[in-house]
K.L.:
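Would you mind keeping the following structure in view while I ask a few things?
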Amino acid sequence: MRIGVFVCWCGSNIAKTVDVEAVAEAAKSFPGVVYATDYKYMCSEPGQNMVAEAIKEHNLDRVVIASCSPRLHEPTFQRCIGAAGLNPYMVEMANIREQCSWVHERTPETTEKAIELTRMAVAKVARNVPLFQNDIGITKRALVIGGGVAGIQAALDIADAGHPVVLVERTPSIGGRMAQYDKTFPTLDCAACILTPKMVDCASHPLIDIWAYSEVEEVNGFVGNFDVKIRKKATCVDPKLCTGCGLCLEKCIVKDVPSEFDEGMGLRRAIYSPFPQAVPNKPVIDREHCRIFNGGKCGVCQKVCPTGAISYDTVDEVVEEKFGAIVVSTGFELWDHSALGNYGYGKYPDVISSIQFERIMNASGPTEGHIVRPSDGKTPKSIAFISCVGSRDDEHGHAYCSKVCCMYNAKQALLVKDKLHDVETYVFYMDIRANGKGYEEFVKRTIEDYGANYIRGRISKIYPDGDQMVVKGADTLLGKAVEVRADLVVLATAMQPQHDAKDLARKLGISTDQYNWFSEAHPKLKPVEVLTDGIYLAGACQYPKDIPDTVAQASGAASKAIGLFSKDAIKSEPMIAYIYEDTCVGCGLCVDVCPFTAIELVEVVDKERSTRDNQVVKTVARINEGVCKGCGTCSAACRSLSARLRGFEGSGILAQIDALADMVKIKK
Amino acid sequence: MNSDSKVTTSPLSSMSTPTDPDFKQQIQAICGENVMSCYQCGECTAGCPAAFSMDIAPNQVLRLAQAGFKDDVLTSSAIWLCAGCETCATRCPRGVALSKVMDACRQISVAEGKVAKDQRNVLKMHEEMLRQIQTFGRVHEISMIAAFKMRTGRFFDDVFAGIQMFLKGKLGLIPSVIKGRKEVKELFDKQ
Amino acid sequence: MTSSSGEWRKRTQSAPLFEKGLETKRPSHWEEAWIQTPLSLRERVGVRVKNKDYRMNYAYFPGCSLESTAKEFHNSTTLVASALGIELAEIPDWNCCGATSAHNLDHELSISLPARNLGIAERMGMDVIAPCAACYNRMRSAEVELKVNRALRDDINSKLEKKFTGAITVKSALEVFTQPEVLAAVSEHIRKPLTGLKPACYYGCLLVRPPKVMGFDDAEDPKSLDEAMKTVGAEPIDWYFKIECCGASFGISKSEIVAKLVGDIISNAKAHGANCIVTACPLCMTNLEMRQAAASKLRGEDLSMPIFFFTELLGLALEAPGIKKCFASHLIDVNPALDLIGKEPVADGAAV
């Protein structure tokens with residue numbers, strides 16, 4: 001056995017507090033060590049060359065790098081010694097930076113601790129065995145969950161690269177939030193004008209299947225090999241026969257269902273298509289409101305349908321499909337301001353949310369774009385826009401900034417002035433957060449050219465007086481309480497994760513943050529990945545985002561999926577668990593503790609008890625190697641020591657502990 | 001933070017000098033509220049029923065406390081015009097109970113003799129009330145009002161209402177006195 | 001976006017406003033009274049006691065105002081309680097709760113003064129009923145702080161003869177009289193429905209704020225008083241100043257501020273069709289009555305308005321003996337309101 005030890009200074013990060021030369025010197029006396037040295041930056045090219053040359057020169061078969069966390073540079077040195085001809089798993093890292101130099105002062109004890117850590121790594125590497133990666137094939141087909149602008153963009157990008165995509169959307173049409181908007185900041189182009197072409201592209205793309213009115217039920221498998229169960233909800237409309245003529249919508253006798261798409265500002269029928277440009281343009285029957293499904297007699301839509309596309313006895317269909325990658329783009333929902341008593345618990349008809357106002361401004365909305373107030377249909381003469389309703393508000397569960405409200409407040413204040421020249425607009429804000437291309441200029445335009453009255457202060461109470469709303473606020477720049485009498489109050493309510501985001505996260509095996517936004521793998525360097533390989537995030541399901549950011553991230557997620565599909569196989573991680581079946585008793589404890597559901601119980605022939613005539617079967621655990629992340633929970637839990645982790649065998653760990661105990665003994 | 005940095009003034013001193021950067025800790029010690037949690041949204045000012053009569057707005061009381069302008073707060077009328085209605089505390093998005101901060105500021109203001117001249121009658125009323133509790137264990141409204149008028153020299157306000165109340169039998173002449181006066185008195189004694 | 005409007009609707013019913021309130025959830029009166037009843041008695045009292053479904057007794061804390069300026073509140077509270085079979089035993093030798101003055105000038109005193117009363121009441125083995133909103137607020141704040149802050153509790157207890165260990169809780173008269181079982185008994189015993197009365201139910205600040213401490217009713221849109229008024233056949237109006245402050249703590253020192261606040265309140269009540277204001281707070285009562293004239297002058301409109309304690313109206317509906325004497329001591333004539341009772345036809349569903 002010939003071990004080489006390389007002690008890194010990490011510039012002054014380690015060398016400042018640890019006597020690196022002393023560590024290298026001490027390492028020379030450790031069992032099996034034939035060479036030890038130190039260098040300023042071991043991870044640099046000269047550093048790596050030094051390791052490679054030492055391997056050749058001293059005929060090393062194992063290497064210890066005493067430097068930083070293995071999370072940072074273990075792969076670097078695995079590649080390095082691999083290139084030098086060793087098995088990449090014959091290297092161990094002694095973390096003398098995060099676990100030593102950064103957390104201690106420069107004292108002799110600090111150097112001693114570094115020596116101990118290095119000695120432990122030497123003891124472990126002496127027991128390392130070569131490990132080998134396997135090839136796993138992949139299904140080059142992507143699933144995109146959520147058909148908003150993020151999902152649409154990701155689906156188009158992946159499909160354009162030549163890979164089939166299934167776009168799952170739970171409402172009857174793709175388009176998402178963006179389809180509800182009137183115009184978009186800061187360029188003021190109409191949201192529908194720029195979104196509907198993309199929706200149509202999706203529908204007509206030969207590689208994209210849109211499964212609207214469908215939801216993901218169950219996700220199994222692993223990167224490259226996901227098995228996903230998708231529920232296609234019964235629409236009662238045969239998409240093959242339906243021509244989207246809309247006759248059924250006209251004739252439906254249930255006319256008073258609040259429209260989700262119009263945020264309750266308008267009504268729809270029981271058979272409906274959310275909006276005129278819906279994709280797919282096939283209506284669905286909402287069984288909660290349809291008379292047929294509520295013990296009533298009707299059947300009008302079936303009678304009027306010229307192609308006989310409607311049948312009331314369709315049922316949900318659950319299909320299981322294989323995918324190689326999943327893009328999650330489920331978006332956000334808006335906080336309901338009816339929790340706010342001081343704003344009237346949502347009881348005042350003329351206090352509405354910004355998305356409702358968006359529908360009122362929209363030419364295809366319930367008022368056909370005429371700006372009127374919901375209570376009496378009058379044109380408002382003064383409108384108060386209120387920012388941060390529920391956002392930046394710890395007391396209501398959203399400590400974060402919803403990021404886009406400042407901009408759409410400015411946009412709405414500008415557009416409304418454009419439509420109604422004699423309207424007075426008031427925007428109550430706490431800070432104006434206009435940090436995007438052209439954003440600051442846009443807000444300035446709203447204030448300077450469109451005369452919006454920006455008042456810095458939060459609103460304490462809104463109440464009706466006569467036919468107006470009294471908005472009790474403050475101008476904190478003046479240090480005065482102010483009151484605005486407004487005909488209409490528009491609340492910029494907080495963006496929050498979908499109410500069932502947590503459920504989807506559980507199905508996908510991905511994590512969420514304290515608010516239930518999906519967590520990325522690294523906040524800066526892995527913004528579209530999650531900790532589970534093969535699953536990528538796009539859009540506001542991760543955190544509030546505006547359209548440019550959403551689209552950029554969607555393309556990022558798509559490129560990750562395309563990158564994955566550019567290979568024919570992926571390398572499996574060899575540092576994963578395996579079961580020593582001879583001693584496994586099939587108790588199933590590992591199955592319960594595994595956080596990645598990578599273990600299942602299987603029946604195998606019990607070689608010990610079987611005879612030629614009589615085969616005895618026993619139950620053992622089996623690791624799904626594609627899913628296992630090598631976390632080691634199973635091996636810690638296993639009572640018969642049958643669940644083991646490659647690269648972290650009991651012998652190596654015990655040797656490390658022995659090495660530490662030896663050092664302590666020597667000191668005494 | 002270093003304890004010897006206490007004497008040095010904050011960077012704000014180029015404009016005017018904060019009198020005590022430790023003011024915020026003093027407030028926290030009394031009422032438990034961290035004024036640094038405030039992000040100056042102004043919701044307290046917006047909802048305050050007495051803000052119109054204050055010399056500095058409620059949110060400015062917090063801002064001055066954050067920046068260590070102790071004297072500006074202690075000598076303000078605002079702290080004495082707070083009605084203690086708790087509207088601010090109920091609606092504060094940062095969970096700061098400004099009403100409690102106001103209580104603390106009043107207490108510090110009294111302890112350090114900084115009460116604004118035109119607000120001393122409020123203080124006198126409170127002092128008279130506590131003096132009565134200390135003496136009788138309860139408050140005797142007629143003698144309290146009388147004493148308050150004596151001390152502030154505002155003899156003729158509300159005389160009519162007072163006479164009316166008296167005639168309706170609402171203001172008893174004899175104060176009710178409790179047996180446990182000694183025990184109550186002890187509560188007034190510190191340590 | 002969700003699949004059907006059903007889900008969408010469910011989703012819009014968001015979480016309660018204050019989920020993370022202090023750990024002071026109190027057992028119902030019934031449970032508590034039941035627990036405190038000796039075992040032998042419990043076996044006997046298993047049956048319904050004459051049209052009432054509860055057995056309640058409280059340690060009664062009148063407070064200084066109820067002894068003088070608000071003696072009609074004291075009278076009506078005790079009359080209604082006895083009519084409803086709720087037993088009130090006055091806390092012997094109670095002291096002033098400290099009112100605004102204590103918490104303005106001395107935080108510890110604002111806890112220790114109520115602590116003495118709480119200690120005595122705890123020895124009586126009953127929850128406290130404090131009709132005065134200000135006393136209720138101070139006592140409840142002290143109770144919560146003493147229950148949470150053990151060090152302070154020990155310190156204060158060392159000066160007290162009867163210690164408070166946190167075994168009881170403080171309730172306002174409004175809270176006690178608006179429990180469902182009590183209101184059920186009220187509605188069963190109504191003799192004179194108060195039809196024609198359109199009260200503006202005025203809660204003021206102290207009963208519901210701060211919500212994390214009071215933990216009673218909705219801090220922004222309280223309903224209990226309105227419920228009580230509906231029960232006795234009155235038609236409470238919808239208005240927007242039910243929780244605004246009347247400036248009670250400036251009662252005598254800053255009358256000019258009070259006049260403005262009172263003016264805003266009465267004006268809003270009038271604008272929404274109220275013919276009287278009902279309150280549960282003696283300070284509000286004093287302010288609303290005493291400052292009406294000044295407020296009218298300030299706003300240049302007629303703001304005369306009869307003001308009632310809610311217990312007076314409950315007593316009137318129940319025809320509690322002696323209740324009418326209460327009305328004599330009001331500074332503002334309440335007869336214009338009393339004359340309206342029964343003059344209008346019963347509106348559908350008003351006397352639930």
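The structure displayed is predicted, hence computed values, not measured ones. The basis for the numbers below is simple: all heavy atoms, side chains too, and nothing from hydrogens, waters or symmetry mates.
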K.L.:
Does some side-chain heavy atom of B/K100 sit less than 4.5 Å from a side-chain heavy atom of C/H107?
P.N.:
no
K.L.:
Please state whether the side chain, the backbone, both or neither of B/F52 comes within less than 4.5 Å of a heavy atom of chain C.
P.N.:
side chain
K.L.:
To the nearest 0.5 Å, what is the distance between CE (B/M102) and NE2 (C/H103)?
P.N.:
12.5 Å
K.L.:
Please step through side-chain contact (heavy atoms from CB on, under 4.5 Å) for the pair C/R209 and B/T87, ending with a clear verdict.
P.N.:
CA-CA 7 Å; C/R209 283 198 297 262; B/T87 306; 3.2 Å; yes
K.L.:
Is the side chain of B/R138 donor-acceptor paired with the backbone N or O of C/W94 at a distance under 3.5 Å, no angle test?
P.N.:
yes
K.L.:
Out of curiosity, C/R116 CZ to B/L187 CG, how far, rounded to the nearest 0.5 Å?
P.N.:
8.0 Å
K.L.:
Show, in sequence, the C-alpha distance, side-chain angles and deciding distance for B/T90 and C/E220, and conclude whether the side-chain contact (heavy atoms from CB on, under 4.5 Å) test is met.
P.N.:
CA-CA 9 Å; B/T90 306; C/E220 295 290 354; 4.1 Å; yes
K.L.:
For C/A328, is it the side chain, the backbone, both, or neither that has a heavy atom closer than 4.5 Å to a heavy atom of chain B?
P.N.:
backbone
K.L.:
What part of C/S65 lies closer than 4.5 angstrom to a heavy atom of chain B: side chain, backbone, both or neither?
P.N.:
both
K.L.:
Between C/P210 and B/E86, is there a side-chain heavy-atom distance shorter than 4.5 Å?
P.N.:
yes
K.L.:
Counting only heavy atoms closer than 4.5 Å, note whether C/L160 contacts chain B via side chain, backbone, both or neither.
P.N.:
both
K.L.:
Do C/K159 and B/E183 pass the side-chain contact (heavy atoms from CB on, under 4.5 Å) test, and can you show the C-alpha distance, the side-chain angles, and the key distance before you say yes or no?
P.N.:
CA-CA 7 Å; C/K159 298 178 191 166; B/E183 200 182 350; over 6 Å; no
K.L.:
Does any backbone or side-chain atom of B/S53 lie under 4.5 Å from a heavy atom of chain C? Answer side chain, backbone, both or neither.
P.N.:
side chain
K.L.:
Give a yes or no on whether the backbone of B/F188 and the side-chain of C/E108 come within a donor-acceptor separation of less than 3.5 Å.
P.N.:
no
K.L.:
Who among C/N95, C/N104, C/L261, C/V208 has the most heavy-atom pairs with chain B under 4.5 Å?
P.N.:
C/N104
K.L.:
Can you check whether B/G180's main-chain N or O pairs, donor with acceptor, with C/D93's side chain at less than 3.5 Å?
P.N.:
yes
K.L.:
Does atom CD (C/E161) have a neighbourhood of more than 12 heavy atoms from anything else shown, all under 6.0 Å?
P.N.:
no
K.L.:
Heavy-atom distance under 4.5 Å to chain C: side chain of B/I108, backbone, both or neither?
P.N.:
neither
K.L.:
Got a second to check how far B/C85's SG is from C/L206's CG, nearest 0.5 Å?
P.N.:
8.5 Å
K.L.:
Side chain, backbone, both or neither: which part of B/C31 has a heavy atom under 4.5 Å from chain C?
P.N.:
neither
K.L.:
State which residue, out of B/V184, B/I133, B/L130, fulfils the side chain to side chain contact (heavy atoms under 4.5 Å, CB included) condition with C/L109.
P.N.:
B/L130
K.L.:
Can you tell me how far apart CG (C/L113) and CD (B/Q134) are? Round to the nearest 0.5 Å.
P.N.:
9.5 Å
K.L.:
Under the 3.5 angstrom rule, does the side chain of C/E244 hit a backbone N or O of B/P49 as a donor-acceptor pair?
P.N.:
no
K.L.:
Nearest 0.5 Å please: distance from the CE atom of B/M129 over to the SG atom of C/C96.
P.N.:
5.0 Å
K.L.:
Hey, does C/L105 have a side-chain heavy atom less than 4.5 Å from the side chain of B/E127?
P.N.:
yes
K.L.:
For B/V139, is it the side chain, the backbone, both or neither that has a heavy atom under 4.5 Å from a heavy atom of chain C?
P.N.:
both
